[in-house]
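Read the structure below first, then the notes.
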Amino acid sequence: MASTLKTSFIPLSPSCSPSPKPPFQLPSKTLISPHLFSHPSSLLLELCSDQRELHRFLPLIIKNGIFTEHVIQTKLVSLFSRFGQLRQATLVFDRVESKIDELYHTMLKGHAKNSILEDGLLFFAQMRLADVRPVVYNFTYLLKTCGDNVELRRGKELHSQLIAHGFGSNVFAMTAVVNMYAKCRHIEDARRMFDRMPERDLVAWNAIISGYAQNGLAKRALEFVFMMQREGKRPDSITLVSVLPACADVGSLRIGRAIHGYAVRAGFELLVNVSTALVDMYAKCGLIGIARLVFDRMRVKNVVSWNSMIDGYAQCGDSGEAMALFRKMLDEGVKPTGVSIMGALHACADSGDLEQGRHVHELLLRIGLGSDVSVMNSLIAMYSKCKRPDIAAEIFGNLSGKTLVSWNAMILGYAQNGRSNDALSLFCKMQRLNVKPDSFTLVSVIPALADISVLRQGKWIHGYAIRACLDRNIFVMTALVDMYAKCGGVHIARKLFDMMDERHVTTWNTMIDGYGTHGFGEEAVKLFEEMRRSPIKPNDVTFLCVLSACSHSGLVDEGRRYFVSMKQDYGIEPVMDHYGSMVDLLGRAGRLDEAWDFIRKMPIEPGISVFGAMLGACKIHQNIELGEKAAYRLFELEPDDAGYHVLLANIYKAASMWEDVAKVRTMMEKRGLKKTPGCSFIELKNEVHTFYSGSTSHPQTKMIYAKLEALVDEIKAAGYVPITNSIHDVEDDVKEKLLNTHSEKLAIAFGLINTSPGTTIQIRKNLRVCGDCHDATKFISLVTDREIIVRDMHRFHHFKGGLCSCNDYW
DNA sequence: GTCCTTTCCG
């Protein structure tokens, strides 16, 4: 019905009209007196609440011949614009023969408020060609559109035109200019224009204050609130709403509370946007309870209030309460927006609750948010955090209008799920598609490179960071330090670390841990002492790194001292992993009884990391009794982990307790556990070569085995004795053969064949390096005069001149 | 009639 009227009144395009006659005739002006109809009809039109009703009136207007009325024409354009029907508005506009200035102005407003900026500017140019004099609000509307679209170039053009028309000291126009610069992230220009204003009203002050707040210059925003008061302007509700996010930004509870007091005294607290901003401020300042109190006391809430509260819980890690509130919001019939959905997804991601996440996913599709890119990006992050990168990838693949954030979310998702190669290839793909990576991209992809441990690509990404001017970004640099350390370049890592002007606590932790995993315990301790003297305070992770460094280097006394100092000097309460590190420290050093005693005296129930460390130590020092105790606790705590079973089996093997070995095997079979096959990787030129124990699939297999045979003879002559006690049931020569096909030996032989003398060889092994391979590698480094760096599951081994950096301590 | 305002993905 409505659509028939629509087409009968205004054809969608001139050619759409089948009739030779125009669908309506403009009646001659003389027939009807203007004042008879203009006023009441205009009022009637005003009553239309949507475009459907408006269309119903149209035949009446035409019938009564009042379309010629300027007031009616303007009203029609205005209403169509307000209902978002810019096309209809334009058609009305085009129909009018003698257009008054106001009609132009209304049409321009319609363009500015509805359409893309370009249409508005084009119309503005046409208006000028028609000799219509611009008025101030032509500029204010257009400038606002520039700000909303972050169109600085257009904004500047309008700014200069505005001055040419003599509006340079008009307070409305100049406030719009200030706002435009602020929205285009040119806050300094905004400030200059603000300073140049001959007079400033409250709105102008609010514009510059919100400008500072939105540009992350919270302190300036707060300063300006004080300044405006010195100039006799009283902050209104909009001032408060603008400045409260700034309080949250600097975490200034003192000022936040003062503003709260002011709001109460001025009666602004009753306004929904003010109380919502207060909720947000308290939540961001860490007072989630107070935020909730303010929220619960609000008599009127809007969806933003709910969103602020939900996100407040999500941000502070209380995902349970965030989800509870989200459900409550739905129960109360408040329609969620994209922001609500993102808050809920954030909570699901944090708690790893895939089930709930799926429900939110269904809900967002139902309410039509399936094409909101931000929401979809959150969804990608949620599925990744819930360990379902496959689903995330599917969503990413189908997502139209991917933004940089989408790419970053997916790359991070792969990286966090151990799919480093996928992360890397996606990073390459985005560049082929000319999506320019930013610091977030690098921070996501660098750990993936660190994981693959390929120094060449690591250096390449470092170069990339430099070219992209991201090499002064503290997060990127910290990731690079970590990456170099993990790629075996611990000294390069330190050089980078020293070059940084600013370091976060994470930066220090990364470097200390880098030294630790390379077995440079003394360096780690030295760096930690340096950190203690610096303004950066160590945190719980710092102590984990230091304790682990001490443990890897056998610095028992230092480790013990730091464990005490952690609580005494820094007030950091040890958690499970700290206890685990201590057990590791004592256990590796052979003080197994002491370690067991330490476990028994722990103030908290010992967990996996504690018994895991104990079991590992028992393997190194062949303590069957304590090893069994630790292992059986682990089987209860983590029944599906094959690694602990294998460790216990290896302890039995080393003691030739074959019946017990068989018992553990049966246990594993019953539980359906499989031993992870050992494999080693080595990079040559741009390729990564993978070797499994006994593998014969490599094209150079024959050469590799021949090389290995020759090598074994050579190192035997130098004193190497194979450690065969972990193999059973076969003759000694077969045992040796089995040992000699271990993946790390194959990789080393391959490396020796394919690199020139003197080159360092880098190997990566997925499990712990075995005792015999460790011994053999020491001898190989001696007889070939090569440095061999092996990164295993836990640490680095630098083999050189017959010795290893771990001092046989791993 | 025109200028300023709250929640937001990695």
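Every chain is numbered from 1, with letters handed out A, B, ... down the list of sequences. Not measured: the values here are computed from a predicted model.
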Exercise. Which of parallel (below 30°), tilted (30 to 60°) and perpendicular (above 60°) describes A/Phe123 and A/His111?
Worked result: tilted
Seminar exercise, completed: Separation of B/dT2 atom P from A/Glu102 atom CD, nearest Å, is 13 Å
For this session: May I ask you to evaluate whether A/Lys301 reaches the phosphate of B/dT6, defined as a side-chain N or O under 4.0 Å from OP1 or OP2?
Result: no
Exercise. Atom NZ of A/Lys144 to atom P of B/dT2: distance rounded to whole Å?
Worked result: 12 Å
Problem set entry | Distance in angstrom units between A/Lys335 NZ and B/dT7 P, rounded | 20 Å
Exercise. So which of residues 374-386 of chain A are in contact with DNA chain B, with a heavy-atom cut-off of under 4.0 Å?
Worked result: A/Ser374, A/Asn377, A/Ser378, A/Ala381
Problem set entry | A/Lys284 side-chain N/O to B/dC8 phosphate OP1/OP2 under 4.0 Å | yes
Exercise. Between A/Tyr137 and A/Phe167, is the ring centre distance below 6.0 Å?
Worked result: no
Problem set entry | For A/Asp353, salt bridge (charged side-chain N to carboxylate O under 4.0 Å, His left out) partners two or more places apart | none
For this session: Please check if any side-chain donor atom of A/Asn114 sits under 3.5 Å from a side-chain acceptor atom of A/Asp119, or the reverse.
Result: no
Problem set entry | Check: A/Tyr464 ring centroid to A/Phe427 ring centroid under 6.0 Å | yes
Exercise. Is there a donor-acceptor contact under 3.5 Å from the side chain of A/Asn417 to the main chain of A/Ser384?
Worked result: yes
Seminar exercise, completed: Sorted by number, residues from residues 432-448 of chain A placing a heavy atom under 4.0 Å from DNA chain B are A/Asp438, A/Phe440
For this session: Verify whether the ring centers belonging to A/Trp306 and A/Phe326 lie closer than 6.0 Å.
Result: no
Seminar exercise, completed: Here the distance between atom P of B/dG1 and atom CZ of A/Phe139, to the nearest Å, is 20 Å
Problem set entry | Value in whole Å for how far the P atom of B/dC9 lies from CG of A/Leu399 | 16 Å
Exercise. Looking at B/dT5, does its base get a donor-acceptor pair with the side chain of A/Asn206 below 3.5 Å?
Worked result: no
For this session: Check whether the side chain of A/Asn307 and the base of B/dT7 form a donor-acceptor pair under 3.5 Å.
Result: yes
Exercise. In whole Å, what is the span from the CD1 atom of A/Ile100 to the P atom of B/dG1?
Worked result: 14 Å
Problem set entry | Distance below 4.0 Å between A/Ser210 side-chain N/O and B/dT5 OP1 or OP2 | yes
Exercise. For the pair made of CH2 in A/Trp407 and C1' in B/dC9, what is the distance, rounded to whole Å?
Worked result: 17 Å
Problem set entry | Distance test, side-chain N/O of A/Gln315 to OP1/OP2 of B/dT7, below 4.0 Å | no
Exercise. Using a cut-off of 4.0 Å on non-hydrogen atoms, how would the nucleic acid contact of A/Lys183 be classed: base, sugar-phosphate, or nothing?
Worked result: sugar-phosphate
Exercise. With a 4.0 Å cut-off on heavy atoms, is A/Ser308 in touch with a base, just the backbone sugar-phosphate, or nothing at all?
Worked result: sugar-phosphate
Seminar exercise, completed: Which of A/Arg192, A/His186, A/Glu188, A/His159 passes side-chain hydrogen bond (donor to acceptor under 3.5 Å, both in side chains) with A/Tyr181? It is A/His159
Problem set entry | Residue-phosphate contact under 4.0 Å: A/Gln214 side-chain N/O, B/dT5 OP1/OP2 | yes
Problem set entry | Contacts of A/Asp195 that satisfy salt bridge (charged side-chain N to carboxylate O under 4.0 Å, His left out) - sequence neighbours left out | A/Arg191
For this session: In whole angstrom, give the distance that lies between atom CD of A/Glu199 and atom C1' of B/dC3.
Result: 12 Å
Seminar exercise, completed: Residues in residues 172-181 of chain A with a heavy atom under 4.0 Å of DNA chain B, by number, are A/Phe172, A/Thr175, A/Asn179
For this session: Name the nucleic acid region contacted by A/Asn170, choosing base, sugar-phosphate or nothing; use a 4.0 angstrom heavy-atom cut-off, strictly under.
Result: nothing
Problem set entry | Partner residues of A/His359 under the ring-ring contact (aromatic ring centres under 6.0 Å, His included) criterion, sequence neighbours left out | none
Exercise. Would the A/Phe475 and A/His504 ring centres measure less than 6.0 Å apart?
Worked result: yes
Exercise. Parallel under 30°, tilted from 30 to 60°, perpendicular over 60°: which one fits the rings of A/Phe93 and A/Tyr104?
Worked result: perpendicular
